[in-house]
Amino acid sequence: YIPLPNDNEECKSLLNKFLPIFSNEEKTLIGHNIKFDLSILARYGVVIKNNLWDTMIAHYLIEPEQNHSMDYLADVYLDYTPIAIEELIGKGRNQMSMRDIPVEKVKEYAAEDADITLQLYNKFKPIITENKLEGLFYMIEMPLVRVLAKMEANGVKIDIEGLRQISEEQAKEILEIENRIYEIAGTSFNIGSPKQLGEILFEKLNIKAPAKKTKTGQYPTGEEILQKIVNENPIVQNILDYRSLTKLKSTYVDALPSLVNLNDGLIHTSYNQAITATGRLSSNNPNLQNIPVRTDLGAEIRKMFIPKPGYVLVDADYSQIELRVLAHIAQDHTMQAAFCGGLDIHTATAS
């Protein structure tokens, strides 16, 4: 339970009126992106015991590659355009919090949300049945919602002091690489500017450009281009090193500490259940699934994720999970024998 800024007796009293509803295991709670609601209520100590029915997840199973936002679904399935959230809280720098909006304005938006969600439920429930998706929906996806909400709430701890030290070391290394680049180029320039970089490489240093200029008159300077000319001049490898270091520093080393929750000192990512068409989870704010590992620096950054006191971190992975599932579904005796015998499945397949 994390106290919130507007935590007061009136708020608690209001929530208490809903506790008998939320604690009724016989009732079904219908929502759109219901994990968000579970997470917010959990911050007030409210545990949802109802059965869950998420219209966003339902549509994800029905049309995995489509947009699953309520506005899109209301338009496509209900021929209706809901109140835009920007009308209430604005956007960009002037965006406000929902708590700053008068209740009289919020009530129309909130009631419409609930109405549309119920209408979508009535549309999607029979489609889930018709497409024989009930097992996947009720036995895997809906229980997973609670698991992900708990994972997000549990958060992950990072070594802030360790990251600060890495940041200082990276800053020195980046400065050294910058100076080497300027020395080879014979002048200082904005390394992050594709236009200036292209002029330095292909005009001042006379490296043969592996690709024509773009329509805007610039030389392409993406990583694929630089890899083609990496042996033409030592400046190219330095530029690649510079890009790699600055990206790691800005994306992870400097960014992660700023995402730590001030209430509990942990990072709370958001796990997305309805993004990838393949069924894999994705993660954002921050993306904890793409922490680099292949370089020495990437490995050092991974070490900055540490267990909370009294806990340990466990790294686990499936071995050839897709092929094992395939062997089971296809009842392929040769593949099954290879797995059961502990053989290398790729060698067995090749032979």
**Request:** Quick one: do Ile239 and Leu197 satisfy side chain to side chain contact (heavy atoms under 4.5 Å, CB included)? Show the steps, please.
**Result:** CA-CA 9 Å; Ile239 290 166; Leu197 178 60; 3.3 Å; yes

Considering non-hydrogen atoms only, spot the tightest contact between [X] and [Y] and give its length.
X: Pro143; Y: Phe137; value: CD-O, 4.4 Å
X: Asn50; Y: Ser23; value: ND2-N, 4.4 Å
X: Asn154; Y: Leu266; value: O-CD1, 3.3 Å
X: Pro220; Y: Lys212; value: CD-O, 3.2 Å
X: Lys208; Y: Ile229; value: O-CG2, 4.0 Å
X: Arg324; Y: Ser319; value: NE-O, 2.6 Å

For the side chain of [X] and the backbone of [Y], is there at least one donor-acceptor N/O pair under 3.5 Å apart?
X: Ser283; Y: Pro286; value: yes
X: Asp71; Y: Ala84; value: no
X: Tyr44; Y: Leu15; value: no
X: Lys247; Y: Tyr252; value: no
X: Tyr60; Y: Gly279; value: yes
X: Asn24; Y: Pro20; value: no
X: Asp332; Y: Met335; value: yes
X: Arg302; Y: Ile291; value: yes
X: Ser193; Y: Gln196; value: yes
X: Thr347; Y: Leu343; value: no

Rounded to the nearest 0.5 Å, how far apart are [atom1] of [X] and [atom2] of [Y]?
X: Leu136; Y: Glu141; atom1: CG; atom2: CD; value: 5.0 Å
X: Asn51; Y: Glu26; atom1: CG; atom2: CD; value: 7.5 Å
X: Gln273; Y: Ile140; atom1: CD; atom2: CD1; value: 10.5 Å
X: Leu256; Y: Ser167; atom1: CG; atom2: OG; value: 11.0 Å
X: Thr295; Y: Leu297; atom1: OG1; atom2: CG; value: 5.5 Å
X: His68; Y: Ile275; atom1: NE2; atom2: CD1; value: 7.0 Å

Hydrophobic cluster membership, with links at side-chain heavy-atom distances under 4.5 Å among I/L/V/M/F/W/Y: are [X] and [Y] in one?
X: Ile62; Y: Ile57; result: yes
X: Val260; Y: Leu163; result: yes
X: Ile174; Y: Ile191; result: yes
X: Leu201; Y: Ile184; result: yes
X: Leu38; Y: Tyr271; result: no

**Request:** Apply the test salt bridge (Lys or Arg N to Asp or Glu O under 4.0 Å) to residues Lys303 and Glu300: give CA-CA distance (whole Å), side-chain angles for both, the deciding distance (0.1 Å), then the verdict.
**Result:** CA-CA 5 Å; Lys303 289 179 184 176; Glu300 285 300 308; 3.1 Å; yes

Any donor-acceptor N or O pair under 3.5 Å, side chains [X], [Y]:
X: Asp241; Y: Gln237; result: yes
X: His268; Y: Asp264; result: yes
X: Asn290; Y: Asn287; result: yes
X: Tyr72; Y: Gln66; result: yes

**Item:** Carboxylate-amine/guanidinium contact Glu199 Lys195, below 4.0 Å
**Value:** yes

**Item:** Carboxylate-amine/guanidinium contact Lys35 Glu152, below 4.0 Å
**Value:**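 So Lys35 pairs with Glu152 through a salt bridge.
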
Would you say that more than 12 heavy atoms from the other residues, nucleotides or ligands in this model lie under 6.0 Å from the [atom1] of [X], or not?
X: Glu134; atom1: CD; answer: yes
X: Glu161; atom1: CD; answer: yes
X: Gln227; atom1: CD; answer: yes
X: Asn16; atom1: CG; answer: yes
X: Glu224; atom1: CD; answer: no
X: Asn94; atom1: CG; answer: no

**Prompt:** Would you call the rings of Tyr138 and Trp53 parallel, tilted or perpendicular if under 30° counts as parallel and over 60° as perpendicular?
**Reply:**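 Taking Trp53 first and then Tyr138, their aromatic rings stand perpendicular (interplane angle over 60°).
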
**Item:** Contacts of Thr334 that satisfy side chain to side chain donor-acceptor pair (under 3.5 Å) - sequence neighbours left out
**Value:**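 Not a single residue meets the side chain to side chain donor-acceptor pair (under 3.5 Å) criterion with Thr334.
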
**Message:** Evaluate Asn179 against Ile177 for side chain to side chain contact (heavy atoms under 4.5 Å, CB included), listing each step before the verdict.
**Reply:** CA-CA 5 Å; Asn179 291 331; Ile177 295 173; over 6 Å; no

**Message:** For a salt bridge (Lys or Arg N to Asp or Glu O under 4.0 Å) check, start with the C-alpha distance between Glu168 and Arg164, then their side-chain angles and the critical distance, and finish with the verdict.
**Reply:** CA-CA 6 Å; Glu168 290 177 359; Arg164 187 188 65 77; 2.4 Å; yes

**Asked** Would Glu104 and Lys107 count as a salt bridge (Lys or Arg N to Asp or Glu O under 4.0 Å) if you check the C-alpha gap in whole Å, the side-chain angles of each, and the deciding distance to 0.1 Å?
**Response** CA-CA 6 Å; Glu104 286 301 310; Lys107 73 173 186 181; 3.2 Å; yes

**Asked** Any side-chain heavy atom of Gln320 sitting closer than 4.5 Å to one from Phe339?
**Response**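 They are in contact (side-chain heavy atoms under 4.5 Å apart), so the answer is yes.
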
**Message:** Applying ring-ring contact (aromatic ring centres under 6.0 Å, His included), can you list everything that pairs with Tyr242, at least two apart in sequence or on another chain?
**Reply:**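 Checked Tyr242 against ring-ring contact (aromatic ring centres under 6.0 Å, His included); zero matches.
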
**Asked** Partners of Tyr77 by ring-ring contact (aromatic ring centres under 6.0 Å, His included), sequence neighbours excluded?
**Response**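 Listed in chain order: His59, Phe124.
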
**Request:** Verify side-chain hydrogen bond (donor to acceptor under 3.5 Å, both in side chains) between Asn272 and Asn284, making sure each step is shown before the conclusion.
**Result:** CA-CA 8 Å; Asn272 306 306; Asn284 67 314; 3.1 Å; yes

**Request:** Report the C-alpha separation of Arg243 and Thr221 in whole Å, then their side-chain angles, then the decisive distance to 0.1 Å, and conclude whether the side chain to side chain contact (heavy atoms under 4.5 Å, CB included) test is met.
**Result:** CA-CA 12 Å; Arg243 284 183 176 178; Thr221 56; 3.7 Å; yes

**Residue from Asp75, Thr117, Ile85, Thr55 passing side chain to side chain contact (heavy atoms under 4.5 Å, CB included) with Met70** = Thr117

**Request:** Kindly determine whether His32 and Leu73 satisfy side chain to side chain contact (heavy atoms under 4.5 Å, CB included), including the steps that lead there.
**Result:** CA-CA 11 Å; His32 192 83; Leu73 299 181; 3.5 Å; yes

